[in-house]
Enquirer: 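Questions regarding the structure given below will be posed in turn.
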Amino acid sequence: MVTEENFDLTELRKRIRHSAAHVMADVVTQMFPEAKLAIGPPTQDGFYYDFMVSKPFSEQDLAKIEKRMKKVIQRNHTFEYQEYDRDEALKLNSDEPLKLEIINEIPSNEKITTYKHGTFEDLCAGPHVKSTGEIPAFKLLNVAGAYWRGDETQPMLQRIYGTAFESRDALEEHLVRLEEARRRDHRILGKELDLFSIHQETGPGLIIWHPKGAKIRGLVEEFWKNEHENAGYELVYTPHIGKSTLWETSGHLEFYAENMYAAMNMDGQDYYLKPMNCPFHITYYKTSLRSYRDLPMRIGELGTVYRYERGGVVQGLLRVRGLTQDDAHIFCRPDQVESEINGVLDLTFHLLSSFGFKEYEIMLATKPEKSVGSDDKWQLATDSLRRTLDSRNTEYSVDEGGGAFYGPKIDVHIKDALGRKWQITTVQFDFNLPDRFGLTYVGEDSAVHQPYMIHRALLGAMERFMGILIEHYGGAFPTWIAPVQVKVIPIAERHNSYGQQVTSLLVNSGIRADLDDRNERMNFKIRDSQIQKVPYMLVVGDKEVETSTLAVRSRSAEDIGVLTTEEFKSRVLAEINSRI
RNA sequence: GCCAACGUAGCUCAGAGGCAGAGCAGCUGUUUCGUAAACAGCAGGCCGUGGGUUCGAUUCCCACCGUUGGCUCCA
């Protein structure tokens, strides 16, 4: 362990990982002399090194590399720092075309430095641990193709991922966390809990919601609708396809065509599946002459859109081709922008915290180089976003130039139960569409003005949000959205009718209760309900029938004890109402 | 799209150039049971799709489709 200097843990890990990457590159170049080096940085959870090789590495190669790395670590070579002038550096790396490329991009006023351990010297800004012996625990994880500089026009390199920690225990803990993440994978839980499926026959990225998954989604949507109506939104339904002229006006055919499904031609007219809802909401706006008194108008819809995503990126519920956005468009006057943004943020945090997401990361993205809309519009919009965020005393970071070409935006990332970050909420100004569609309202001055348009999705897309929710809760949904809230478990057949009475009573009070009257032992039924992560199990046998009670068990394996049906009912209803 | 691995029963997975296998789930019985799997029997298959090699291919080769892990982290 490094002790002389009091490194902060993240810094220490960075050094360990970066050093492990060097050791790996050392071993790889020994084993595969023709391998050319690219880069090998530490990452958030580990490290990688990219190599240019003619033949990809195999799993067996990884095991061998790992073995030899251990030997290098044992030999405890010192990491030696070295400075070079440009010519020396070029000469030193004459055999490494990718390194040469990097050296040539280093500004002339910067030093060119290397780190050397044993016979392996690598162009590197450092820093490293003192010697290879100070890499206490590491593991190689997987191989993957990666483009040189992440650019698909560049050659594909082979990347080896690994991770390293300051102690065996910390490494072990990390591997357990990876395993936990795998166990919570929404695709696995989706199957186990019978929530949804995806089929080769129906098409990749297209979800079939099974009754239980549909139940959860329906409850989330119902909650979403209620909260939106409470927040002054009006909800609409719009079609799934639209004529080509609509998408010409909106600019989608010009700018978004590669994500759109091909046209369907009927009656000599081209129709397209909608990739976005905005043109329809705008069309609604235009159905009437709008006065300044009508604004703000908040038009919302759980709108299902279809987008072509490249084969390699489609994944479970997280990246799909048919998705339902929790979409809304706000049309407002310039003087209303701030309060509207505030309202959107209030609603966002209310919704997200209802699902147990309490940690947020907020990004304000400003005007990019290529953009539409006048400078003063950008100014006003960006300022109002900034002012709104400032006035809320929320922390946020600014992504300069990261806005959409049609307006600035605020993005919200959430942290789930495993501490993983997900980008979900987006609030975007749009200077483009009001122009293209010629949106207007009549002002107090009886002159015609153009409204501001804000596009926002709070949960993002229902499919993706459900995927995140499944992993966040690990499939153990809180009672208010659990597809089955209560399982009634009679011990023997003679208890079925009492079980049925209890079930009906609960169902009649709006509780999703189910009777398990299968010809199975109680233990089997309990196990089944545990696996299905049903919040409550009610065991009924001779004692309960006799005293008109229930033996209540929760899925967290707590024995809650014996309650009357009424007691249990009010307890569960209270829990449902408080959404816990 | 690109790199790699994978695709066998509803699910999880084993197998091998020569008759296709297990566990769970399903069905039929038996059992009536007190907090995480009762017992027995039965049924279940175009071995992803198409082509090639071979006397013979689910197995070997090629293509396609699909799934999984990657493709921002700048020496």
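Chain letters run A, B, ... following the sequence lines, proteins first and then strands; every chain starts at 1.
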Enquirer: Any idea how A:F120 and A:H117 line up, ring-wise: parallel (<30°), tilted (30 to 60°), or perpendicular (>60°)?
Expert: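 Taking A:H117 first and then A:F120, their aromatic rings sit tilted (interplane angle of 30° to 60°).
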Enquirer: Can you tell me whether the side chain of A:Y147 and the base of B:G1 have a donor-acceptor pair closer than 3.5 Å?
Expert: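 Yes, the side chain and the base share a sub-3.5 Å donor-acceptor pair.
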Enquirer: Between A:R182 and A:E179 (salt bridge meaning N to carboxylate O under 4.0 Å), is one present in this structure?
Expert: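 Judged by the 4.0 Å cut-off on N to carboxylate O distance, A:R182 and A:E179 do form a salt bridge.
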Enquirer: Report yes if a donor N or O on one partner sits less than 3.5 Å from an acceptor N or O on the other, where the partners are the side chain of A:E258 and the base of B:G1; otherwise report no.
Expert: no
Enquirer: Look through every strand shown and name the nucleotide pairing with B:A16 as Watson-Crick or G-U wobble, where both distances are under 3.5 Å.
Expert: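 For B:A16, the partner nucleotide comes out as none, under the 3.5 Å rule.
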Enquirer: What's the closest nucleotide to the side chain of A:Q315 if the choices are B:C74, B:G69, B:A36?
Expert: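 Per side-chain heavy atoms of A:Q315, the pick is B:G69.
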Enquirer: Out of B:A25, B:A36, B:C3, which nucleotide sits closest to the side chain of A:M156?
Expert: B:C3
Enquirer: Using the C1' atom as the point on both nucleotides, what is the distance between B:C27 and B:C33, in whole Å?
Expert: 23 Å
Enquirer: Which residues satisfy the ring pair (Phe, Tyr, Trp, His ring centres under 6.0 Å) test with A:Y115, sequence neighbours excluded?
Expert: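 A:Y115: ring pair (Phe, Tyr, Trp, His ring centres under 6.0 Å) contacts with A:Y81, A:H128.
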Enquirer: Quick check for you: among B:G1, B:G34, B:G66, whose closest atom lies nearest to any side-chain atom of A:A551?
Expert: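 Of all the options, the side chain of A:A551 is nearest to B:G34.
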Enquirer: In whole Å, what separates the C1' atom of B:C47 from that of B:U30?
Expert: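 Per the computed distance, 36 Å lies between those C1' atoms.
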Enquirer: Considering heavy-atom distances to RNA chain B, does A:D122 or A:K191 have its closest nucleotide positioned more toward the 5' end?
Expert: A:K191
Enquirer: If we take the C1' atom in both B:G29 and B:A16, what is their distance in whole Å?
Expert: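 Those two atoms are separated by 37 Å.
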Enquirer: Taking any strand in view, what nucleotide pairs with B:G1 in a Watson-Crick or G-U wobble way, both distances under 3.5 Å?
Expert: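 Paired with B:G1, as far as the under-3.5 Å criterion goes, is B:C71.
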Enquirer: Which of the following nucleotides, B:A38, B:A36, B:G34, is nearest to the side chain of A:I526?
Expert: B:A36
Enquirer: In Å, rounded to the nearest 0.5 Å, how long is the span from OG1 of A:T324 to CZ of A:R464?
Expert: 14.5 Å
Enquirer: Quickly, which of A:E471, A:E361, A:E359 forms a salt bridge (charged side-chain N to carboxylate O under 4.0 Å, His left out) with A:R420? Name it, please.
Expert: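 The single option meeting the salt bridge (charged side-chain N to carboxylate O under 4.0 Å, His left out) with A:R420 is A:E471.
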Enquirer: Applying the Watson-Crick and G-U wobble criteria at under 3.5 Å, what pairs with B:A57? Answer none if nothing qualifies.
Expert: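 Across any shown strand, B:A57 pairs with none.
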Enquirer: Determine the interatomic distance between P on B:U35 and the same-named atom on B:G41; round to the nearest Å.
Expert: 29 Å
Enquirer: Counting Watson-Crick and G-U wobble pairs only, both distances under 3.5 Å, name the nucleotide matched with B:G66, or none.
Expert: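 With both distances under 3.5 Å, B:G66 matches B:C6.
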Enquirer: Could you tell me which nucleotide pairs with B:C39 by Watson-Crick or G-U wobble geometry, both distances under 3.5 Å, or answer none if nothing does?
Expert: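 Checking every strand shown, B:C39 finds its partner in B:G29, with both distances under 3.5 Å.
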